[in-house]
Structure formats: structure tokens, C-alpha cells
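Every number for a ligand or one of its atoms is a count from 1 in the order of the listing.
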Amino acid sequence: MIIFKESVSISKYLRAKQISGCKIGFVPTMGALHKGHISLIDKAKEKNDITVCSIFINPTQFNNADDFNKYPVTISNDLLQLAQAKCDVIFLPSVAEMYPNGLNSTPAYNLGNLEFILEGAHRPGHFQGVCQVVQRLLKIVQPNTLFLGQKDYQQTLVIKNMIASAGINVEVVISPTTRLPSGLAMSSRNLRLTEQQLEQASAIYKMLEYLKDNHTQQPEESIKFATDFLLKNGFETVDYVSILNIPQLTPVTSTKNSSEKMIAIAATIAGVRLIDNMIIY
Ligand code: AMP
């Protein structure tokens, strides 16, 4: 496992590997790694000769300073997990390395409606920051394949949109969400919850499962039922429970047809904001 901190050095190393015929798979992360991240590494390894993982807590994608300051940092444990997963190359850039022209210097991306719904609505500027950092990382790593998690479904659409607009030549693979035995989606932010709060937080998954099997009723009824359930079961706020058509993420008006849809939930427990989703038919 080779660790790079400078973009010039990692680029030079990876370009030489590509010239010798190696295919590169890339998994960008913000660290505090868990089995969900490692599932992406495993998938990248299956399909590529070299797997690169970046760890960078991107300041421009946090709309809330408290969330940024409290974001878990577990770098030695991260490196241990990456070594066990046999990840080939790790990129640990500094803020200066990722934003050589300063934090406010990148032009705005046109993300259409994605910027104004769900995470876009509740975290203003978040997806602009995601696009800035992912575009820069793609320029440095130049992977053949980029691996992203379905847990951040809206983010996968935003990144695909940015890749298409910027004309970047990379395949995007979306990988399923890894869950705890309780069904709670694995998340770096889970580290901020106690055992009891983690158990309570699995109410999100219980609601996704419930709505999956009981979505013949009107969407508003399902949404109200799920919101009330979360608020009665330990969550202090529910930003949204939404049932949407995919991939375009327009609101579903009738759940009776059998097209692919998604239930998306964002809610806060013990000051920790969690998101999750499930595809239904
Ligand atoms: P993050 O470090 O949270 O920015 O996530 C890095 C990548 O891992 C993103 O593509 C996420 O969607 C993905 N990811 C996060 N949690 C999970 C999970 N529980 N299962 C699978 N992928 C995940």
C-alpha cells in the first residue's frame, strides 16, 4: 500500500501505471471508514488492477460548521482497514493541495433541480462543494472507474451530471448500501451515537422497510406516518420523508403504478443528521 499526500506525486505514479496498461478504480471518501466504504474498495479491486482510495474531509461541502468540526477522524484505523482490504494506493491530500487557488475560487455548477430538492434544499451549497472536490480528485487520479454508494443516491446523480458537463471520461459504478444487523445504514456519523441511540436510529430502516411493503396508500399518508413514527422514536427532527421517481427524483403522485421509485429519509437523532434510502416498485 502506497500513501501519497501530494497531487503531483500520485498523478505521476498513476500515469506511469496507466501507460503500462493498468486499469484504475477510485473510491473517494471522507475517512472514518466502515464496512460500507470497504465494500466499495472490494468492488473496485474486482474490476481493476489498481485501487485508489482518497481520504479528505472536504470543507466546502459542509454547510454547517458544527458538523464539519465534529466530523469523525480515525486515520490510523482507516489505514489499517485499507491495508487489510489490500487497497493499493491511498491519497491523503491537505486542503491547500485540493484547493490551490483558495476555497472560494471554483466556478458554480449548474445542477438543475438536484440543487433545490432533498439534500440540496436542506444543505445549501453542499453539492457545489461535492462537485468541486470530486472534479479535482478525478483530474488528479484519472480513474477508469469511479465507485460511489447508493446511500448517497442524490450525490451519485449530481456527480454523474458534473462528469457529463465537464466531459470527463470515467465509468461510474453505484454500489448497494451496507447495513448494521439492525438495518441501520453504516455511516461515519454513526460514531457520534451511543449504542442505545444507534438502536433507536434503526427506526429509519424500519420505516423504509414498512413503506416498501405498504406504499399502496397515498404518498402523503405514508410520509406522515413515517415522520410521526420517527419523531415518536427518538428523532428530534425529520428533514424529509420523500417518495420519488427515479432516476429523475420527481415527487411520486400515485404509488399504484409499478415503476421504480425511491423512498428517501433524512432525520436527526442526538444532534446527528442521518440519511438513507430504499428503491421500491
Ligand atoms: P463518505 O466518506 O461518507 O463521503 O462516503 C464515501 C463513499 O462511500 C460515498 O460514495 C458513499 O456513498 C459511500 N458509502 C457511505 N456509506 C456507505 C454504506 N453504508 N454502504 C455503501 N457505501 C457507502
Side-chain angles (χ1 to χ4, degrees), residues 25-47 51-64 67-68 70-75 77-79 81-82 85 87 90-93 98 114 118-120 123 126-138 141 143 145-163 170-193 198 201-202 204-205 208 246-247 262 264-266 272-279:
F26 179 41
V27 181
T29 79
M30 297 206 297
L33 300 185
H34 48 69
K35 285 185 184 150
H37 296 114
I38 299 303
S39 72
L40 300 188
I41 301 286
D42 291 342
K43 200 157 259 185
K45 282 190 69 71
E46 272 169 32
K47 290 190 65 159
T51 294
V52 180
C53 176
S54 65
I55 299 179
F56 178 65
I57 304 179
N58 174 33
T60 66
Q61 73 184 69
F62 286 84
N63 57 313
N64 175 332
D67 189 28
F68 177 61
K70 288 184 178 160
Y71 201 84
V73 180
T74 60
I75 193 70
N77 187 39
D78 293 350
L79 294 177
Q81 289 186 66
L82 289 169
C87 185
I90 319 295
F91 186 38
L92 300 178
M98 290 306 292
L114 286 175
L118 307 178
E119 292 304 284
R123 302 184 68 190
H126 168 65
F127 286 130
Q128 292 292 328
V130 167
C131 285
Q132 284 181 45
V133 79
V134 175
Q135 185 167 12
R136 172 104 177 109
L137 285 166
L138 289 176
V141 177
T145 316
L146 172 67
F147 293 84
L148 302 171
Q150 188 205 299
K151 176 170 172 290
D152 298 280
Y153 183 80
Q154 189 179 7
Q155 171 172 277
T156 67
L157 298 183
V158 164
I159 291 174
K160 281 181 180 171
N161 190 320
M162 177 277 288
I163 286 172
V170 62
E171 183 196 357
V172 179
V173 171
I174 313 294
S175 201
T177 302
T178 306
R179 298 179 179 282
L180 291 168
S182 68
L184 177 66
M186 290 195 173
S187 164
S188 304
R189 287 184 175 85
N190 290 354
L191 287 175
R192 292 174 51 202
L193 297 173
L198 286 171
S202 67
I204 292 186
Y205 178 72
L208 291 171
I246 53 172
M262 169 168 281
I265 296 182
V272 179
R273 188 173 180 280
L274 302 175
I275 62 170
D276 200 354
N277 64 66
M278 189 175 279
I279 293 176

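Protein residues lining ligand 1, listed by chain and number: P28, T29, M30, H34, G36, H37, L40, Y71, L148, G149, K151, D152, P176, T177, T178, M186 [non-hydrogen atoms, distance under 4.0 Å].
Residues passing the ring pair (Phe, Tyr, Trp, His ring centres under 6.0 Å) test with H126, sequence neighbours excluded: none.
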Handout entry: From CA spacing to verdict: side chain to side chain contact (heavy atoms under 4.5 Å, CB included), L193, L274
Key = CA-CA 11 Å; L193 297 173; L274 302 175; 4.2 Å; yes

Problem - Trace of the side chain to side chain contact (heavy atoms under 4.5 Å, CB included) decision for L33 with I41 - result: CA-CA 11 Å; L33 300 185; I41 301 286; over 6 Å; no

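Inter-residue side-chain proximity for V158 and V134 is flagged as unmet; no heavy-atom pair is nearer than 4.5 Å. Residues M98 and P59 are not in side-chain contact: their nearest non-hydrogen atoms beyond the backbone lie 4.5 Å or more apart.
Side-chain atoms of R189 never come within 3.5 Å of backbone atoms of V272 as a donor-acceptor pair (strictly under, hydrogens ignored).
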